[in-house]
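Each remark here refers to the structure printed beneath this line.
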There are 2 protein chains.
Amino acid sequence: MTDKTKNNSLNITAVDSSSLVDKVEQTLIDLLISEKLNPGDQIPKELELTEMLGVSRTVIREALNRLKTIGLIESTKRKGSTIKSPDLLFLLKKSLIPNILDQATLKDIFELRLVIEIGMSDLIYNRATPEDIAELEQIVATEPDSPKEVLFDVDHEIKFHGKLYQISGNHTLIDFQTILLPAFRYVYDSGMIESPAHDSKWVSHQDLVKILKDGNPNKFRNAMRKHLDRHFKGYFK
Amino acid sequence: MTDKTKNNSLNITAVDSSSLVDKVEQTLIDLLISEKLNPGDQIPKELELTEMLGVSRTVIREALNRLKTIGLIESTKRKGSTIKSPDLLFLLKKSLIPNILDQATLKDIFELRLVIEIGMSDLIYNRATPEDIAELEQIVATEPDSPKEVLFDVDHEIKFHGKLYQISGNHTLIDFQTILLPAFRYVYDSGMIESPAHDSKWVSHQDLVKILKDGNPNKFRNAMRKHLDRHFKGYFK
DNA sequence: TTATTGGATTATGTCATACATAATGCGTTT
DNA sequence: AAACGCATTATGTATGACATAATCCAATAA
């Protein structure tokens, strides 16, 4: 028995099991923050970092590669790496592969859609131009007659609601929708969402457009809530 | 003059300027999708991939490292790499360094907060337990008297609204808030947001709790809208 | 027999070195 | 002055070696 095995009662601190790359990555991120670097600024060359941090170029490169992956830096030959304003949503897109997400997360995402579409009513109401409304009217004009059909015409559903996102004028939101689309489609297709019959208070796309035109923000928001009610029904009961 | 310079009018296809790592990364992602791999499944070893794709281990490793960064895989020694259900928000956290985001994106994010908090009213109303309400009441009880002070007590503001997110029960949403917090704080601190005086219709935290207790979903949603009105005012006018 | 120990094995993690390639600047040539 | 070739620089790729953690398995000791 060596000495080591006796040290059970000592207050040993848990060893840091993270890899070198992990550490260097964090060090670099901390650097970006503490140095208050702005987009366009340069960061040290790989070889300089190698010396500064005392690790091999391989490790430096892997860490830089991660920052590149999350969009924090950009590298070009001869020039080195420069800070970049990351495209938040670009990242999500890559990792959002529906069949890899677990059911709970997929449900969360679908719910998030409902939350967003209700919440953005105010943006829509305040920013819709006459042209936007005309376009919405045209979309509605081409939709299937029976509301039951509309329900299952996912493409049309996406077309109408997609236009709404666009009207919101919030680019983060617009990108968000684009990215979440595969997940929505997956949820629709997988039958996770029930589609109860509409009751008398059902608000159609057409109704929505009418209210957007002649109503007020409150009316529109509440109408949007009713429009999405069939989805909510699946959650609350 | 060589022949090359004359080829102006030809339909030449743009050369693919992406790096080898870029290509391998995409190839691997495509593989994950087409093979319908599930979390827990193994992917080929680095050396196997080296042979399969005909590139060096360096390139394979850098590509795998990227997948690791976006949370799609996980690797352990001797075992190799396995598919993982990515934590969508974990990613955002890393890249959300406020001083690196541009103003427009920051504004988008703040707006997104408003959208979400209004939209999640229905979740809150339907999921709040008596204990939740009691907790909210306690939070409100400890808040500064003057509404003007409350406005600038960002910590308190975050405490109250944070609890609301928690009540929503949507984990993606909860994580989202946690992650966006630094950006909110940044926006508050930077004075990007104006804070107009409240008009007569101002809805306080206390009012919100009361309505959550005794009102109905519609009332609560509209109250939340009014509560956030001072922020909206900065956008629409 | 059972538990422990100590290799042997395997696949990722790290290091070192060399060369390829793109971008840039500079001096030479025409 | 424009075009060309050459040197330079920093990232991109390839290769070989060794370190390290996880795992299996056989030999050994209780």
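A, B, ... follow the sequence lines: proteins, then strands. Residue 1 opens every chain.
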Value in whole Å for how far the P atom of D/dT13 lies from CG of B/L53: 14 Å

Spacing of B/K23 atom NZ relative to D/dG12 atom P, expressed in whole Å: 14 Å

Please determine whether a side-chain nitrogen or oxygen atom of B/K45 lies at a distance below 4.0 Å from atom OP1 or OP2 of C/dG13. no

What is the distance, to the nearest angstrom, from the CG atom on A/N65 to the P atom on D/dT13? 10 Å

If you check the B/E46 side chain, which of D/dT13, D/dT15, C/dT12 turns out closest? C/dT12

Tell me, please, which residues at least two apart from A/K77 pass side-chain contact (heavy atoms from CB on, under 4.5 Å). none

For B/F160, ring-ring contact (aromatic ring centres under 6.0 Å, His included) partners two or more places apart: B/H205

Taken to the nearest whole Å, CG/A/L64 to C1'/C/dT14 is 16 Å

Separation between NZ (A/K45) and CZ (A/R57), nearest 0.5 Å, reads 12.5 Å

Given atom CD1 of A/I73 and atom P of D/dA10, what is their separation to the nearest angstrom? 16 Å

Rounding to an integer number of Å, can you tell me how far B/E51 CD sits from D/dA14 C1'? 15 Å

Do any N or O atoms of the protein come closer than 3.5 Å to N or O atoms of nucleotides 23-27 of chain C, and which pairs are they?
residue : atom : partner : partner atom : Å
C/dT24  : O4'  : A/R78   : NE           : 3.3
C/dT24  : O2   : A/R78   : NH1          : 3.4

Return yes when atom NZ of B/K79 has more than 12 non-hydrogen atoms of other residues, nucleotides or ligands closer than 6.0 Å, and no otherwise. no

Quickly work out the A/R57 CZ to C/dA18 P distance and round it to whole Å. 13 Å

Can you tell me the distance, in whole Å, between the CG atom of B/L20 and the P atom of D/dT11? 18 Å

Look at atom CD of A/E48 and say whether more than 12 heavy atoms of other residues, nucleotides or ligands are closer to it than 6.0 Å. yes

Below 4.0 Å: OP1/OP2 of D/dG12 and any side-chain N or O of A/R61: yes

Can you tell me how far apart CE (B/M120) and CG (B/N170) are? Round to the nearest 0.5 Å. 9.5 Å

Side-chain contact check for B/S75: nearest option of D/dA14, C/dG13, D/dT11 is C/dG13

Any side-chain donor paired with an acceptor under 3.5 Å for A/D22 and A/S19? yes

Which nucleotide wins on minimum distance to the side chain of B/V55, given the candidates C/dG13, C/dA11, D/dA14? D/dA14

Any donor-acceptor N/O pair under 3.5 Å between D/dA14 base and B/T58 side chain: yes

